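Each ligand, and each atom within it, is numbered from 1 in the order the structure gives. Quick caveat, the model's predicted, so the values are computed rather than measured. FYI, side chains are in, hydrogens and waters are out, and symmetry mates aren't considered; it's all heavy atoms of this structure.
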Amino acid sequence: MKMRSVGIIGTGKYVPERVLTNADLEKMVDTNDEWIVSRTGIRERHIAAPEQATSDLAYEAAVRALKSAGMTADQLELIIVATITPDTSFPSTACILQDKLGAKHAAAFDLSAACSGFVYSMATANGFIQTGMYKNALIIGADTLSRITDYTDRNTCVLFGDGAGAVIVGEVPEGRGFLSFDLGAEGAGGDLLKLAAGGSRLPASEATVEGKQHYIYMNGREVFKFAVRVMGTATEEVLRKAGKTKEDIDLFVPHQANIRIIQSAMQRLDLPEERCVINVDKYANTSAASIPLALVEAAEEGRIKEGDTVLLVGFGGGLTWGASVLVW
Ligand SMILES: CC(C)(COP(=O)(O)OP(=O)(O)OC[C@H]1O[C@@H](n2cnc3c(N)ncnc32)[C@H](O)[C@@H]1OP(=O)(O)O)[C@@H](O)C(=O)NCCC(=O)NCCS
């Protein structure tokens, strides 16, 4: 069977209006701008308004993506929302969004792979479209990490922000679109980065609230080591699968968690920083939204031209990683 070529045919992004700066955080916990910038590269992050949930951020990004693809919502056949901060456990955020958009003909589900969720979702949609099951899909990485962040814990609260990035994927001319994917998981490292309570293992109770178990727990140093390692190995593997070398890549779009992780990966791969998108300074780590926010922003700024080869690579809770090479 001849597989169809699948690629990105529309893009959109959204970040909430409110900006939380390092100076604001100095008033909340024992930290300072110099520490945050030198250890993470982050200067500010956007925080959702109290009435905004993940589906609201996703909706804004989705509307923009549909517009850029020249499509209406009722033409959509599939919606995947990559998120670890769904509006509710169920219904899924994708179903809530399907209703808000009026995407009556779309199947809809959430995908949970933390910061790797967007690449996992694109790989999933690619499979559906390549084989002809669906003609198009709306893929959104959206997270409202501020809702699961402990703003009394300086080890984590400086690192995260809220946002959403969306793409529409569909059939593209041969030679364009996705060339390869590399997805992986190391479940054994799951305890290094997690939200302990609120699921079937540890349902919400007074004790879980008191124990702050509804907030992100992270072993920063171990996650850092994992991140640098898999950014390198996943990049090499996804290039090999695409039959490309790192010299062929016009733009690297890494997960925006920490500028030092990005710099270590770029050094390890011996690549100049000019070929890499960095916006962690403005948005911090927005989990599943991070890669699409960086990709869409780069496209909107004219940093990606038609025919350019782009490499996406991310890592996150699970532990997971995901990478893709695509021709724009
Ligand atoms: C979290 C992270 C920035 C910490 O940086 P680091 O250089 O490893 O810092 P350390 O953990 O060595 O901590 C150094 C000191 O800074 C302190 N510190 C931590 N956060 C601080 C803050 N916001 N302000 C000031 N000091 C802080 C620590 O308490 C520690 O003090 P101690 O030595 O007295 O205990 C880094 O480990 C990291 O980015 N890890 C990966 C996180 C990540 O990407 N997570 C998401 C994955 S998707």
Q. Of all the non-hydrogen atoms in the protein, which one sits nearest to atom 4 (C) of ligand 1, and at what distance?
A. W35 CH2, 4.1 Å
(Q) To check your reading of the model: name the closest protein heavy atom to atom 36 (C) of ligand 1, its residue, and the distance in Å. (A) F224 CD1, 4.0 Å
Q. Can a protein heavy atom be found under 4.0 Å away from atom 44 (O) of ligand 1?
A. yes
Q | Protein non-hydrogen atom found under 4.0 Å from atom 14 (C) of ligand 1 | A | yes
Q) Is any heavy atom of the protein nearer than 4.0 Å to atom 33 (O) of ligand 1? A) no
Q. What is the closest protein heavy atom to atom 7 (O) of ligand 1, and at what distance does it sit?
A. R39 NH1, 2.6 Å
Q) If you measure from the Lys or Arg side-chain nitrogens to the Asp or Glu carboxylate oxygens, is any gap between D56 and K100 under 4.0 Å? A) yes
Q: Could you find the nearest protein heavy atom to atom 42 (C) of ligand 1 and give me its residue, atom name and distance?
A: M218 SD, 3.6 Å
Q.
With heavy-atom distances below 4.0 Å as the criterion, list the atoms of ligand 1 near V158.
A. 23 (N)
Q: Kindly indicate whether atom 11 (O) of ligand 1 is approached by any protein heavy atom to under 4.0 angstrom.
A: yes
Q. Closer than 4.0 angstrom: is that true for some heavy atom of T156 and an atom of ligand 1?
A. no
Q: Return a yes/no value: protein heavy atom under 4.0 Å from atom 30 (C) of ligand 1?
A: no
Q.
Suppose we measure from atom 5 (O) of ligand 1 to each protein heavy atom; which comes out shortest, and what is that distance?
A. R260 NH1, 3.9 Å
Q. Under 4.0 Å from any heavy atom of F315, which atoms of ligand 1 are there?
A. 47 (C), 48 (S)
Q.
Could you check whether Q52 and Y59, counting side-chain N and O atoms only, form a donor-acceptor pair closer than 3.5 Å?
A. no
Q: Establish, from distance only, whether the side-chain atoms of K244 and S180 form a donor-acceptor pair under 3.5 Å.
A: no
Q: Indicate the atoms forming the closest heavy-atom contact of L159 with N155, along with that distance.
A: CD1-O, 3.6 Å
Q.
Name the residue from T144, D162, I47 that meets the side chain to side chain contact (heavy atoms under 4.5 Å, CB included) definition with P16.
A. D162
(Q) I need the nearest protein heavy-atom contact for atom 8 (O) of ligand 1: residue, atom name and distance, please. (A) R221 CG, 3.7 Å
Q | Polar contact flag, side-chain donor to acceptor under 3.5 angstrom, N22-R45 | A | yes
Q: For T40, take its heavy atoms, then give the atoms of ligand 1 lying under 4.0 Å from any of them.
A: 3 (C)
**Q.** Check ion pair E236-R240 (N to O, under 4.0 angstrom)
**A.** no
**Q.** Numbered atoms of ligand 1 (with element) below 4.0 Å of N285, judged on heavy atoms
**A.** 46 (C), 48 (S)
(Q) Quick test of your reading of the model: are D182 and K241 salt-bridged, counting only N-O distances below 4.0 Å? (A) yes
Q: Look at R4 together with E174 and state whether they make a salt bridge at an N to O cut-off of under 4.0 Å.
A: no
Q) Under 4.0 Å from ligand 1, counting heavy atoms only, is it the side chain of I261, its backbone, both or neither? A) side chain
Q. In terms of residue, atom name and distance, what is the protein heavy atom nearest to atom 19 (C) of ligand 1?
A. N155 OD1, 3.1 Å
Q | Nitrogen or oxygen atoms of T31 and ligand 1 under 3.5 Å apart | A | yes
Q) Closest heavy-atom contact between D153 and V29? A) N-CG1, 4.2 Å
Q: State which residues pass side-chain contact (heavy atoms from CB on, under 4.5 Å) with V169; sequence neighbours excluded, sorted by chain then number.
A: V6, I8, A125, I129, A137, I139, V167, F178
Q: Output yes when the distance from some N or O of ligand 1 to some N or O of R154 is under 3.5 Å, and no in every other case.
A: yes
Q) Do D143 and T286 get their side chains close enough for a donor-acceptor pair, meaning under 3.5 Å? A) no
Q: Would you mind running through ligand 1 and noting each atom that sits below 4.0 Å from a heavy atom of L193?
A: 47 (C)
Q. Do any N or O atoms from the side chain of R201 and from the backbone of A197 form a donor-acceptor pair under 3.5 angstrom?
A. no
Q.
So for ligand 1, is N258 a polar contact partner (N or O within less than 3.5 Å, distance only)?
A. yes
Q. So between V223, L159, L145, whose heavy atom ends up nearest atom 47 (C) of ligand 1?
A. V223
Q.
Checking K282 now: which residues fulfil side-chain hydrogen bond (donor to acceptor under 3.5 Å, both in side chains) with it, not counting sequence neighbours?
A. E297
Q: Just need the protein heavy atom nearest to atom 48 (S) of ligand 1, so name the residue and atom and give the distance.
A: C115 SG, 3.1 Å
Q: Select the closest option to atom 40 (N) of ligand 1 among A257, G220, A114, S116, judged by heavy-atom distance.
A: G220
Q. What distance separates D110 CG from C95 SG, expressed to the nearest 0.5 Å?
A. 7.5 Å
